[in-house]
Amino acid sequence: MRMIKVLPLPCPTYLYLHKIEASTSSTHKSRRAFSLSALTISLSALVFSSGNAPTTSISWANPQVPKFLDLPNSGGVKALDLRVGDGETPIDGDLVAIHYYGRLAAKQGWRFDSTYDHKDETGEPIPFSFVLGSGKIVGESTMFVSFPLGCEPSNEIFPFSEFPYFFGLSEQVISGIETAVKSMKVGGLRRVIIPPSQGYQNTSQEPLPPNPEASLISDHLAAMFLHFTGVWSNCCQFDDDGRFCGFADREVMAEEGGRSFARRNQLLDIEKQVHKWWTEGDVFRAEPKESPPKVGEKFFGNFPFPYMNGYLHLGHAFSLSKLEFAAAYHRLRGASVLLPFAFHCTGMPIKASADKLSREISRFGNPPVFPVVKEAENVETEVKVEGEGNQGLPGGNFKGKKSKVLAKTGGVKYQWEIMRSYGLSDEEIARFKDPYYWLTYFPPLAVEDLKEFGLGCDWRRTFITTDMNPYFDSFVRWQMRKLKASGKIVKDLRYTVYSPLDGQPCADHDRASGEGVIPQEYTLIKMEVLSPFPPKMSVLEGKKVYLAAATLRPETMYGQTNAWVLSEGKYGVFEINDTEVFVLTYKAALNLAYQRLSRIPEKPSCLLELSGQDLIGLPLRSPLAFNKTIYTLPMLSVLTEKGTGIVTSVPSDSPDDYMALHDLKSKPAFRAKFGVKDEWVLPFEIVPIINHPDFGDSQNERDKLEEAKKTIYKGGFYEGTMIVGEFAGMKVQEAKGLIRSNLLEMNQAVIYSEPEKKVMSRSGDECVVALTDQWYLTYGESEWRKAAEECLASMNLYSDETRHGFEHTLSWLNQWACSRNFGLGTRIPWDEEFLVESLTDEIWEFLFCNGPFPENSSISSSLLKEMKKEFDYWYPFDLRVSGKDLIQNHLTFFIYNHAAMFPKHYCPRGFRCNGHIMLNSEKMFKSTGNFRTLRQAIEEFSADATRFALADAGDGMDDANFVFEAANAAILRLTKEIAWMQEVLSAEPSLRNGPPCTYADRVFANEINIAVRTAEKNYSEYMFREALKTGFYDLQAARDEYRLSCGSGGMNRNLLWRFMDVQTRLIAPICPHYAEYAWRELLKKDGYVIKAGWPEADLPDLTLKKANKYLQDTIISMRKLLQKQVSGSKKGNVNLNSQNKPTVGLIYVDEQYGGWKKECLGILQRKFDTSTGSFAPDKEILSELQKSDIAQQGNFKQIQKLCMPFLRFKKDEVLAVGVQALDLRLPFGEIEVLEKNSDLIKRQLGLERLEILSMIDDALERAGPHAAVVRQNPPSPGNPTAIFL
């Protein structure tokens, strides 16, 4: 927690009540609603800025703290009534809507919000609403900080993450506000001080000072001014005990609260109705057919089980939506679809969290009262007191000694607090100390949320993992026994990332951070300290003392000149065995202790603590070094968090070492600073290896040294040859292993390993690398890897990036621990001490591997045959969807295990991996409040709008972006489309009957066909953002264009019905509730739209599409030209009612290239290679031009100046649209298109008459004085010229 700059006075809260409308109801069944409006507050004076508020100001010439009264039973809330109201007093159940203005007491009086900052469409401020006594926020209000949607300030402006409850990042109203309102009357004005326990909802925070005149106040006191303005009635519902249980009319409540959620609520109501229809029809029930499925007849998709230590969130929903949309698409096409769903409970996160709760109860009580750590210091502060608006305040700037008070919990995030953030009561939280309670609590809630989301799951096929589910437990045991029998599970001593606190290996999903980190292995060089020892180390006489230096390059040890330490570093002398001790850091000693290199197993035994300065000057004898004695010297860049904190110095092969030694030799003052004697440095000559000015000449130039090191290490290892020692003449990369083996055999080195990066377990423990006796899956074994690679090659991964990710993982993945002795799961069937990472074997062999029929099974033969039929019909699965982070573990394991367990024809058919989801372009984190559970998103936007925004968020492996504005826009689009369809259906008698016959009809029908075909392609490739564009956005744009194009003839009834039918089907996979409602209630169709079949479509007429684009582009360019002609400026605005407005339009068309343009196109056609899609070199094209007929003309130089830009333009056009750009004429008749649409053009441009003229006719005289314009800008194919008269 940060230190606080204390204000001169407390900054309390003000409440002002003003009655708008009253209700005399006094029953609990039907309650009233009060409204409040906010005014302003400053640090030590008060001014009012609202038009609805009094213009009183309060100030203190000689600041005195007003006398506040303790509100009874308030938990310390204090109030000062500035005006007593004359209306009713609210009671529990009244709907209160407040306007407020507020500052914090600390954070320099940070002005955290005012409802007057947020206006609705009419300019009125949007109130904050809640039901008194229930803590429920109404509508989209946010407790205190109600910033506009998508415009929340960042954590840099104010540390919201420190105040998650106080600022309403939960859904509850803080109790201090409720308490303050309860004892007021309508029309009253109140100033209130809210203590942390009633605001922050954390009783461990600093309490309110007992003396309100004290200058020390807590960081979490609120400064609020609230204006109570009214009451509504009959808005709330209550149960028989008088407790709030909901709103009587959600629509009325939302409207009266200041913002309308009518459209959102309309979708929620539709979704509720559609869920009933689906339940009645059991529409997602998946049953196999009698005969094996043909290609496309079945779709089986699945999703990695989400972990059940909390609620499902939008991150889960984003990945899951890809599977849901795919399944819905195949269901719509008529395929049999199986989408099961299960919940992951195996592993240590749940057990670790449950154990945390048990420890917290044991230490702090039930419910726990967590300790407060106080820190205080006197600092000189400058406080600038500012008023609101332009009104100044007394006091100005002043300085003084202020005491900082910091109330914190030591930076610890307690598990109890995490559970409270879920909205759980203390009584409920206590039950979660039993890890199995988690398994019964969260999965049912997840099922409810997924049903509301509209997931097309057969919920008969859902389960949880762990031995709590005996069927899944049996399946895992069979799998483990089968893998072990085939030699793919072995027990071995291996280095593995390990949690000392948990007492077991820490796999990727057991980690709070460091996923994907593996052990980094070093050679630990034993550099013997020569006697006599210095006084501080005299107690070590008689022992073998070694400085232990970790290196990745043991072959370079011949060139050692010294050892490096960090002078201010902390080191220890640790017992390795009865005779040997190592000098190194505690962190390294801890790793060694878990690698069986400590006298006391798993516990470093420290004999002596030393600083790096104590080690400087120690004489050493180091293995392989040509210098018989070397010394310990200081180095500025030694890292004590990496390796052992002891570094061997090999200047001939390390730029770091070279520059550090050079500094010591050349700078006497530098040696004197650390007490380095000349004889420890000067005699040691080296051969410089760096002679490049770009790398500088000082060890302080870290970036340049790092670059040099990478270059030299890489070149030396891969291209170097040993020139000294036993292996002189041998390539370095060949000699390295031999030299390392010799050092280990001669006991001059040991193997040492540590995590390559920092790893934290979910228990909050920093992990080490341990040498453990573990059961391992032999991933990476050559034959198994080959089978996995063959399986991968046969799969559809929908992305080159995904395939590269799998190929890379297969290249490095090696033995992987498959057991632990802590957490939930299945016990290894042959070793009950261990749990498996998470029916008889004969049954599983029969079901999955075509084994013999299990004769002695207690399961009936008919049921066994039915189970076998299910597996044979549905397997292999067609698609598994997952986040890209699982490629390096879960998904690759999945491929390996399938390759080992099943025949090749059961290999998975496809994986689709996606990036992570961001919210409004920022990473999704609970700590910052930029977070939504699936339930919250559905309540805020509706299920279909959430699904719409998820589809729009993005495809591919890059991180996607869920934008709240997109979800809100979806609400508007979907509800407006419903309204439009209702209007069309009600006006059906006025529509034009008969088959489509006009040009506009043909274009619209063609656009529908294009939408059907392109959306089908995008859905089949699982590109759902593109499917949304082509199947919804583009189709709506075509409909809107059709409405404009029809004119007085009106729209064709059959076409509109086809449009509504097609659009409803195409959007059904993404917005199924909306589509189902439109299908049944508006279009009055039978059955369910989700199974209605993909709409049929004729082959698109691409020529007609090009013709329509030509028409629309022509209208746009003509409109711009008309504006220019009337106004005389490109930027001029046209007054279409002015007297000089043209009424006649002439459009000149030249449908075919001729002259020198025709010659140029002929040359480009001959010089274009269709196989490569490229042109011949420019020199060759120019040579061909110089040989052409036009080159013989006398004005060729002038023509050539025109040819060159034309050639370049056409070459670029070919790259953009294809080789058809070289055609002499367009694939349609331009004059015909313009003439058929002359009425549309006239209507769009406001013309009375329009003439379409061909340049081959003698038509220029029609242009009159404007003929020069046509000559200067002659038309060409695709580019008509227009003038207006």
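Computed over heavy atoms, backbone and side chain alike; hydrogens, waters and symmetry mates excluded. Everything numeric here is computed off the predicted structure, so don't read it as measured data. Counting from 1, the numbers follow the sequence of the chain as shown.
- Aromatic ring pairs are classed by plane angle as parallel below 30°, tilted from 30° to 60° and perpendicular above 60°; the pair Trp1094 and Tyr1019 is perpendicular.
- Aromatic ring centres of Phe941 and Phe964 lie closer together than 6.0 Å.
- Residue Arg1058 holds its CZ atom at 5.5 Å from CD1 of Ile1008, rounded to the nearest 0.5 Å.
- Residues Arg973 and Gln1036 have side chains in contact (heavy-atom distance under 4.5 Å, counting atoms from C-beta outward).
- In terms of modelled atom types and a separation under 3.5 Å, the side chain of Asn1052 and the main chain of Asn1054 share a donor-acceptor contact.
- Taken from CG in Leu1111 to CD in Gln1244, the straight-line distance is 9.0 Å, to the nearest 0.5 Å.
- No close placement of the Phe1059 and Tyr1042 rings is indicated, their centers lying 6.0 Å or farther apart.
- Summarising the local packing, NZ of Lys1167 is surrounded by more than 12 heavy atoms from other residues, nucleotides or ligands at distances under 6.0 Å.
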Check: Going through the checks in order, is the side chain to side chain contact (heavy atoms under 4.5 Å, CB included) test met by Val1233 and Asn1108?
Finding: CA-CA 8 Å; Val1233 169; Asn1108 187 56; over 6 Å; no
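- Taken from CG in Leu1066 to CG in Asn1018, the straight-line distance is 11.0 Å, to the nearest 0.5 Å.
- For the atom pair OH of Tyr798 and CE of Met957, the computed distance is 15.0 Å after rounding to the nearest 0.5 Å.
- Proximity of Arg947 to Pro1072: side-chain heavy atoms (C-beta onward) are separated by under 4.5 Å at one or more points.
- Each of Arg1002, Arg1013, Lys1105 was compared with Glu1007 under the salt bridge (charged side-chain N to carboxylate O under 4.0 Å, His left out) criterion, and only Lys1105 meets it.
- For the residue pair Ser1276/Asp1150, the side-chain donor-acceptor check at 3.5 Å is not satisfied.
- Annotation: side chain of Leu267 is in contact with side chain of Leu974 (closest heavy-atom distance under 4.5 Å).
- Of the charged side-chain nitrogens involved, at least one lies within less than 4.0 Å of a carboxylate oxygen, so that Glu988 and Arg1053 count as a salt-bridged pair.
- A donor-acceptor contact shorter than 3.5 Å links the side chain of Arg1243 to the backbone of Leu1044.
- If you take CG on Leu972 and CD on Glu977, they are separated by 11.0 Å, rounding to the nearest 0.5 Å.
- Side-chain atoms of Phe962 and Met918, non-hydrogen and from C-beta on, never get closer than 4.5 Å to each other.
- Under the 6.0 Å cut-off for aromatic ring centres, Tyr1110 and Phe1228 qualify, their centroids lying closer than that.
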Checklist line | CA sep, side-chain torsions, deciding dist, call: Arg1065, Val1012, side chain to side chain contact (heavy atoms under 4.5 Å, CB included) | finding: CA-CA 10 Å; Arg1065 297 190 204 209; Val1012 172; over 6 Å; no
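- Considering CH2 of Trp1156 and CG of Leu1161, their distance stands at 9.0 Å, rounded to 0.5 Å.
- When only modelled atom types and interatomic distance are considered, Asp1223 and Gln1165 share no side-chain donor-acceptor pair under 3.5 Å.
- Looking at Thr1281, its side chain does come within 3.5 Å of a backbone N or O of Asn1273 through a donor-acceptor pair.
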Item checked: Verdict with supporting geometry, Lys1236 and Glu1232, salt bridge (Lys or Arg N to Asp or Glu O under 4.0 Å) -> CA-CA 6 Å; Lys1236 285 184 176 180; Glu1232 178 186 7; 3.1 Å; yes
Checklist line | Stepwise side chain to side chain contact (heavy atoms under 4.5 Å, CB included) test for Asn1237 and Ser1045 | finding: CA-CA 9 Å; Asn1237 292 279; Ser1045 300; 5.9 Å; no
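- Side-chain atoms of Asn265 come within 3.5 Å of backbone N or O of Phe261 as a donor-acceptor pair.
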